[in-house]
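So that the names make sense, note that chain A is the first sequence line, chain B the second, and so on, each numbered from 1.
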Amino acid sequence: MMIEQILIGKTKEAVKALYQLDATPAQIQLQNTRKEFAGDITLVVFPFTKVSRKSPEATATEIGGYLQANLAEVESFNVIKGFLNLSIRKEYWLGFLTENYGTEKFGFQKTIESQPIVIEFSSPNTNKPLHLGHIRNNLLGFSLSRILQAAGKNVVKVNLVNDRGIHICKSMLAWQKWGNSETPESGGLKGDKLVGKYYVIFDKYFKDEIAAMVSEGVNPDEAAKKAPLILEAQQLLQKWEAGDEEVIGLWKKMNGWVYDGFEKTYKTLGIEFDKTYYESQTYLLGKVLVEEGVQKGVYTRRADGSVWIDLSAEGLDEKLLLRSDGTSVYMTQDLGTATQRHKEYDPEQLIYVVGNEQDYHFQVLKVVLKHLGCAWSDSIYHLSYGMVELPAGKMKSREGTVVDADDLMQEMFDTSEAMARELGKIESFDDEEAKNLYRTIGLGALKYFILKVDPKKNMMFNPAESVDFNGNTGPFIQYTYARIKSVLRKATEANFELAIHPSVSILAEEKELLKKIHDFPATLTQAAEMHSPAIIANYAFELASEYNRFYHELTILKEENLPSRGLRLCLSELTAKVISNSLWLLGIEVPERM
RNA sequence: GGCCUCGUAGCUCAGUGGAUAGAGCAGCAGCCUUCUAAGCUGCGGGUCAUAGGUUCGAAUCCUAUCGGGGUCACCA
């Protein structure tokens, strides 16, 4: 059992015995002792001073005395103000290390067979290539699914591709008009890039039309609705909905190109899904529900046929659920897919990784479902992540300031290659190993750079900083791993024993590293509860830093005291595992050499 | 304007009501004949936006103000 659990139990016992208090979990506050004080774990005793009716110091001393007398693990304690600093016996730490240094998945929970957690992320539109914003979404979704999995959850990763609607019709129309039958092969363009190109072409001619109309005195709003191109695109959409064979054929062809392109991007990025849904197959699902709501009288149909829900009682406003022409809006579709997922998986939690510009939408979605009588709407969790901004400001596709996902990754690979060559790191590498290394490090840098920031916050993506491989970066952590593996390889060659001798003493540097490793299981639990890969990222950095300090201060292979050498090798071994596992949780690979 | 959200070192970010608020980058000064220097050590750098309040204790909770962002479509 981890020492925290033991201490919580014993502290509860202590305050019961001393003050007849049944302590709540919130009252028992344990934290790691700050480095400037003696001790390992600190109990904050302020919550008990009311019942003890004594000073914080006296209370801490009493509790400390009780714990020392009744727990073999507590060696000694000191008191500073209301902080009870406990020193834990060496035997506990050695026992912990002995038990775990050989455990591949130290800190991971066994998967419990129960209701799954369904997590939707990525959810791209098929009219343009993936960009930096999608990358944050994908990395967060993928990492969170691994974190939840490691925390013992049964996780299903789903993608909902927005493959229909006016946007794809715009690309289709432009391709028909100006495409000259260009294909990805003939144009030498990745499929998603090709379709995106025609989306841009549409927009250009559409703007020209509007400008022409405005110069003839039409007001801009009117022009945007009446321009011939947009009317034609709408016609295309109507034909699509009517199942027109030619239109469907073109739609399938162009979407096929996009999927090929997306697949490459996902593959390079290392993202995969358990199931992919297509909006063309789900967009009608919500209509039935809305009708049901009208029947129940929780939604109201207006004279023009449109359906609304009045949420003013919840402090929200009136919301449209079905257009007057009977077609679905975004909300209708989400009602449908949420219900579908509920039926299909009966999930413990239904997570949506979607940007914070949709906070209001999800708030409404939950309430609207509740009105329908779906108690499970409480299981919806919107992982609302902040926007990615560039030094130049917001990304705007129309202004060409979008950072393309493929380009960005390629840039990372190129930079890591240049850096590796400059540092002379790859002299003993063959071509393939070198190429893999560039890929691993480039992606490590990119992923870490994005994931280390709290998902909820907006973040600044500074390209110059993202290709920095020193300091608090992915490559720094990967380097630490490679360094450890190098030591371990040499230890194996020399037939050095990885073993803990009970007599070995623990030096300060070893202790700090060991305590950091010891924190991992609790960190994982916290990251899962808070839905935050950033917690894992920051932990991995701290662990790597701690190891580098240890590595610098102490010798390992040349240590002549065998118990000490064994201890350091075991520490190295477990650190490597925890770094590798932490990075795995972030979707980042580790190189054996770099 | 209503609602939501953020404001911490020059920059990018940690900091779940607890001790003297921490990292990285950038700057300066050191450390490779020794296990990988993509590393390590040291120095400088703060009105935690502002003003009140709650609390034994506030960067953290509450209120107001200022500033940034988002959102209020028969778009998604």
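Taken from CZ in F476(A) to CG in D468(A), the straight-line distance is 12.0 Å, to the nearest 0.5 Å.
Applying the Watson-Crick and G-U wobble criteria (two distances, each under 3.5 Å), U71(B) pairs with G2(B). The partner of A49(B) is U65(B), judged by Watson-Crick or G-U wobble contacts that both fall below 3.5 Å. Across all strands shown, nothing is found opposite A58(B) as a Watson-Crick or G-U wobble partner with both distances under 3.5 Å. Judged by Watson-Crick or G-U wobble contacts below 3.5 Å, the nucleotide G27(B) has C43(B) as its partner. The partner of A14(B), taking Watson-Crick or G-U wobble pairs whose two distances both stay under 3.5 Å, does not exist in any strand shown.
Residue R34(A) places its side chain closer to U20(B) than to any other of C35(B), U20(B), A38(B). Taking only side-chain atoms of F83(A), from C-beta outward, the nucleotide of G18(B), U36(B), C35(B) with the closest atom is G18(B). The L423(A) side chain lies nearest to A38(B) when the options are A38(B), A19(B), U36(B). When distances run from any side-chain atom of D317(A) to the nucleotides A76(B), A38(B), C72(B), the shortest one goes to C72(B). Closest approach to the K81(A) side chain among A76(B), A19(B), U71(B) is made by A19(B) (side chain taken as heavy atoms from C-beta onward). For F541(A), whose side chain is taken as the heavy atoms from C-beta onward, the closest listed nucleotide among A38(B), A19(B), A23(B) is A23(B). Here U71(B) is the nucleotide among A76(B), U71(B), A19(B) with the atom lying nearest to any side-chain atom of Y360(A). Of all nucleotides listed (A19(B), G70(B), A38(B)), G70(B) comes nearest to the side chain of K394(A). Picking from A38(B), C25(B), A76(B) the nucleotide with the shortest atom distance to the side chain of I441(A) gives A38(B).
Atom NZ of K456(A) is surrounded by 12 or fewer heavy atoms from other residues, nucleotides or ligands within 6.0 Å. Counting heavy atoms of neighbouring residues, nucleotides and ligands inside a 6.0 Å radius, atom CD of E36(A) exceeds 12 of them.
Here the options are E553(A), E497(A), E573(A), E510(A), the test is salt bridge (Lys or Arg N to Asp or Glu O under 4.0 Å), and the partner is R568(A); only E510(A) passes. Paired with L86(A) under the rule side chain to side chain contact (heavy atoms under 4.5 Å, CB included), one option of D40(A), I63(A), L7(A), T42(A) passes, and it is L7(A).
The existence of a salt bridge linking K287(A) and E291(A) is excluded, since no basic side-chain nitrogen approaches an acidic carboxylate oxygen closer than 4.0 Å.
Distances shown here put a side-chain N or O of K490(A) below 4.0 Å from the OP1 or OP2 atom of U36(B). Considering only side-chain N and O atoms, K425(A) lies nowhere under 4.0 angstrom from the phosphate OP1 or OP2 of U36(B). Between R323(A) and A76(B) there is a side-chain polar atom (N or O) within less than 4.0 angstrom of OP1 or OP2.
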Output one line per pair: protein atom, nucleotide atom from nucleotides 7-15 of chain B, and distance, for all N/O pairs under 3.5 Å.
residue: C13(B); atom: OP1; partner: M460(A); partner atom: N; Å: 2.5
residue: A14(B); atom: OP1; partner: D454(A); partner atom: N; Å: 2.6
residue: A14(B); atom: OP2; partner: K457(A); partner atom: NZ; Å: 3.2

Write out a two-atom table: protein N or O, nucleotide N or O from nucleotides 39-42 of chain B, distance below 3.5 Å.
residue: G39(B); atom: OP1; partner: G471(A); partner atom: N; Å: 3.3
residue: G39(B); atom: OP2; partner: N470(A); partner atom: OD1; Å: 2.9
residue: G39(B); atom: O3'; partner: N548(A); partner atom: ND2; Å: 3.4
residue: G39(B); atom: O2'; partner: R483(A); partner atom: NH1; Å: 2.8
residue: G39(B); atom: O2'; partner: R483(A); partner atom: NH2; Å: 3.4
residue: C40(B); atom: O2'; partner: H552(A); partner atom: ND1; Å: 3.0
residue: U41(B); atom: OP1; partner: R549(A); partner atom: NH1; Å: 3.2

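With 3.5 Å as the limit, one finds a donor-acceptor pair spanning the side chains of D163(A) and S280(A). Using modelled atom types, one finds a donor on one side chain and an acceptor on the other under 3.5 Å when comparing E62(A) with Y19(A). Of the N and O atoms on the side chains of Y547(A) and S572(A), at least one donor lies less than 3.5 Å from an acceptor on the other residue.
Among the atoms of the strands shown, none is found under 4.0 Å from any heavy atom of E36(A). Residue contacts for Q363(A): at a heavy-atom cut-off of 4.0 Å it reaches no nucleic acid atom on any strand shown. Residue contacts shown for Q31(A) include a base, since a base heavy atom lies under 4.0 Å away.
T473(A) places none of its side-chain heavy atoms less than 4.5 Å from the side chain of F449(A). For the pair R565(A) and L569(A), the minimum side-chain heavy-atom distance is below 4.5 Å. Looking at heavy atoms from C-beta onward, V15(A) lies out of side-chain contact with V51(A) at the 4.5 angstrom threshold.
Proximity of the aromatic rings of Y352(A) and F362(A) is defined here by a centroid distance below 6.0 angstrom, and this criterion is met.
Taking the ring centre of W251(A) as origin, the terminal cationic atom of R164(A) falls outside the region bounded by 6.0 Å and 45° from the ring axis.
Contacts with RNA chain B (heavy atom under 4.0 Å) in residues 383-391 of chain A: M387(A), listed by number.
Two residues, W308(A) and K50(A), neighbour RNA chain B, and the one matched to the more 5' nucleotide by heavy-atom proximity is K50(A). Residue whose closest nucleotide on RNA chain B sits further toward the 5' end, between M594(A) and H167(A): M594(A).
Under the stacking criterion of a centre-to-centre distance below 5.5 angstrom and an interplanar angle below 30°, F46(A) is not stacked against the six-membered ring of G57(B).
Counting atom types as modelled, S486(A) pairs no side-chain N or O with a base atom of C35(B) as donor and acceptor under 3.5 Å. In the interface, the side chain of Q526(A) is paired with the base of U16(B) through a donor and an acceptor atom under 3.5 Å apart. Checked by distance alone, K456(A) brings no side-chain donor or acceptor within 3.5 Å of a matching partner on the base of U5(B).
In C43(B) the base sits anti relative to the sugar, since the glycosidic angle is further than 90° from 0.
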